[in-house]
Amino acid sequence: MTFEYTENMPHDEDDASDASSDVTELEEYDFPDHFFERDGRLFHSHGSLPYPLPVDGPEQARLNNIHKILRDTVEFHYLGPVTEVLSDARTRQKRVLDLCTGTGCWPMDMARLFPRVKIYGLDIVPIATRRPLRHVQFEIHDITERFRWNNGAMDFIHARNIDLAVTDYPELLQEVARLLRPGGLFFSGEIGRYIDFAHGSSFDLARQAPRARSFFQVVNHSLELRHLVPIADKIPGFIQQSHQFTVPTIQTFHIPVGDWHPNAVMKRVGKMYLAALKDFAESLKPMLREAGMTQHEIDTLVTGFIEDIEHVPGLVGVYHTAWARKL
């Protein structure tokens, strides 16, 4: 089995070996312990982690689609000076850490681009491929806890769509800074928990797509009960306030919802994102029930949301990105 989990902190000053004593191989019979079923969906069993979404087959398919959507929106697998940071070093192997790796698509794609780099993917549940490439290693870890590696162990830390797993992003950044070598790269990418109209549009969301707007308002309120506040546009500020990184480079990208975009690639992306948003709404239903909504209220909310995103042209999701180097 290729998944591993962390039991305790390493005692060695040199963490060059992957076979350190703090990592234990996960056996086949251990897998059910990481999941529990509720409302017909499968969830992680880590009681203290606020992550609200299922981790079952339908949700894994949505995560795979989001990976493709972001790759095509950004037009590559990464932003920033990744090639420079991961260029071959004669004295040591370069290392990459992917936080909340999910199904592990990003580490596997990056491993094909950088075959000499060691790539780790961390998640709270073992849902990544059980047959990773030789230089990819998936581990079970709660990213709100201290990582097993020593200071300066990583060259690049990638944090994409982790906002539903983190209640204190500035605290996480301190741990990221500890792990990065001087000059190492941190990347953050978050799809905002809202919907908007494309640039140049004169439409008013409250008038043209009120049910889509209301959906995100209700969802964000429920998430805030779990201390998961919207942070997509705040992360650059967190990076600067940490005093651990260079001034971040910020880019935002619009992801079309539906097939209204004139560009053929973005039209295909828009169709995929429309489907992903429908799946997202479905995956949120157990959380909304837990927050006290009735089934009728949930069905009305989700149905209205889907009708708006299916029939109102010009809607977009907003992907917020920022990267910075460790000082």
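Worth knowing before you read on, the calculation uses all heavy atoms, side chains too, and leaves out hydrogens, waters and symmetry mates.
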For R211, side-chain contact (heavy atoms from CB on, under 4.5 Å) partners two or more places apart: E307, D308
With a 6.0 Å cut-off (strictly less than), is the heavy-atom count around CZ of R116, excluding the residue itself, greater than 12? no
Can you find a heavy atom in the side chain of P248 that is under 4.5 Å from one in the side chain of F186? no
Pairs involving residues 273-284, ordered by first then second residue, that meet salt bridge (Lys or Arg N to Asp or Glu O under 4.0 Å) (sequence neighbours left out): K278-E310, E282-K285
Any side-chain heavy-atom pair from S188 and F238 closer than 4.5 angstrom? no
Between the main-chain N or O of V96 and the side-chain N or O of H158, is there a donor-acceptor pair closer than 3.5 Å? no
Results of side-chain contact (heavy atoms from CB on, under 4.5 Å) for Y194 - residues two or more places apart only: D196, V318, H320
Look at the aromatic rings of H44 and Y51 and report parallel, tilted or perpendicular, splitting at 30° and 60°. tilted
Checking ring pair (Phe, Tyr, Trp, His ring centres under 6.0 Å) between Y120 and each of W106, F138, W149, which is the one that passes? W149
Listing request: all side-chain hydrogen bond (donor to acceptor under 3.5 Å, both in side chains) pairs with a residue in residues 53-74, at least two apart in sequence or in separate chains. R41-D56, E59-R62, E59-S283, N64-T103, H67-D109, H67-R160, D72-R268
Applied to residues 315-327, the salt bridge (Lys or Arg N to Asp or Glu O under 4.0 Å) test, sequence neighbours excluded, yields E84-R325
Any side-chain heavy atom of L284 within less than 4.5 Å of one from L53? yes
Please identify each residue that fulfils side-chain hydrogen bond (donor to acceptor under 3.5 Å, both in side chains) with D39, with sequence neighbours left out. R289
With sequence neighbours excluded, what pairs up with S87 under the side-chain contact (heavy atoms from CB on, under 4.5 Å) test? K94
Within the side chain of S214, is there an N or O that forms a donor-acceptor pair under 3.5 Å with the backbone of P210? no
Taking every non-hydrogen atom, the tightest pair across I140 and I124: CG2-O, 3.6 Å
Shortest non-hydrogen contact from N263 toward V265: OD1-N, 2.9 Å
Measuring only between side-chain heavy atoms, which start at C-beta, is P54 closer than 4.5 Å to F43? yes
Pairing residues for N161 by the side-chain contact (heavy atoms from CB on, under 4.5 Å) criterion, not counting sequence neighbours: I66, L70, E190, I191
By side-chain hydrogen bond (donor to acceptor under 3.5 Å, both in side chains), R92 pairs with (sequence neighbours left out) D155
Which atom names give the shortest non-hydrogen contact between T321 and L79, and what distance separates them? OG1-CD1, 3.6 Å
With a 4.5 Å heavy-atom cut-off, do R178 and R146 have their side chains touching? yes
Heavy-atom donor-acceptor pair, H34 side chain to P126 backbone, under 3.5 Å: no
Counting only heavy atoms not in E145, do more than 12 sit closer than 6.0 Å to its CD atom? yes
Verify the neighbour count for atom CZ of R112: are there more than 12 heavy atoms of other residues, nucleotides or ligands below 6.0 Å? yes
Nearest 0.5 Å, please: how far is CG in L274 from CG in L277? 7.0 Å
What do you reckon, is CD of Q295 surrounded by more than 12 foreign heavy atoms closer than 6.0 Å? yes
Minimum heavy-atom distance between A324 and F245, given as atom pair plus value: CB-CB, 3.8 Å
Assign the ring pair Y319 / F253 to parallel, tilted or perpendicular, where the plane angle (0 to 90°) is split at 30° and 60°. tilted
Is any side-chain heavy atom of F156 closer than 4.5 Å to one of L97? no
With sequence neighbours excluded, give me every ring pair (Phe, Tyr, Trp, His ring centres under 6.0 Å) pair touching residues 257-297. none
Taking C-beta and beyond as the side chain, do L122 and F147 meet within less than 4.5 Å on heavy atoms? yes
Do D259 side-chain atoms and K271 backbone N/O form a donor-acceptor pair below 3.5 Å? no
Pair up each side-chain donor or acceptor in residues 218-226 with any protein partner under 3.5 Å, not counting sequence neighbours, and list the distances.
{"unit_1": "N220", "atom_1": "OD1", "unit_2": "R193", "atom_2": "NE", "d": "2.9"}
{"unit_1": "N220", "atom_1": "ND2", "unit_2": "R193", "atom_2": "O", "d": "2.9"}
{"unit_1": "N220", "atom_1": "ND2", "unit_2": "F216", "atom_2": "O", "d": "3.1"}
{"unit_1": "S222", "atom_1": "OG", "unit_2": "V218", "atom_2": "O", "d": "3.2"}
{"unit_1": "R226", "atom_1": "NH1", "unit_2": "P50", "atom_2": "O", "d": "3.1"}
{"unit_1": "R226", "atom_1": "NH2", "unit_2": "E290", "atom_2": "OE2", "d": "2.6"}

What pairs of residues pass the side-chain hydrogen bond (donor to acceptor under 3.5 Å, both in side chains) test when at least one of them lies in residues 232-250, not counting sequence neighbours? Q174-Q244
Within a strict 4.5 Å, meaning less than it, do heavy atoms of the W323 and V82 side chains meet? no
For T83 and Y78, test the side chains for any donor-to-acceptor distance below 3.5 angstrom and give the result as yes or no. yes
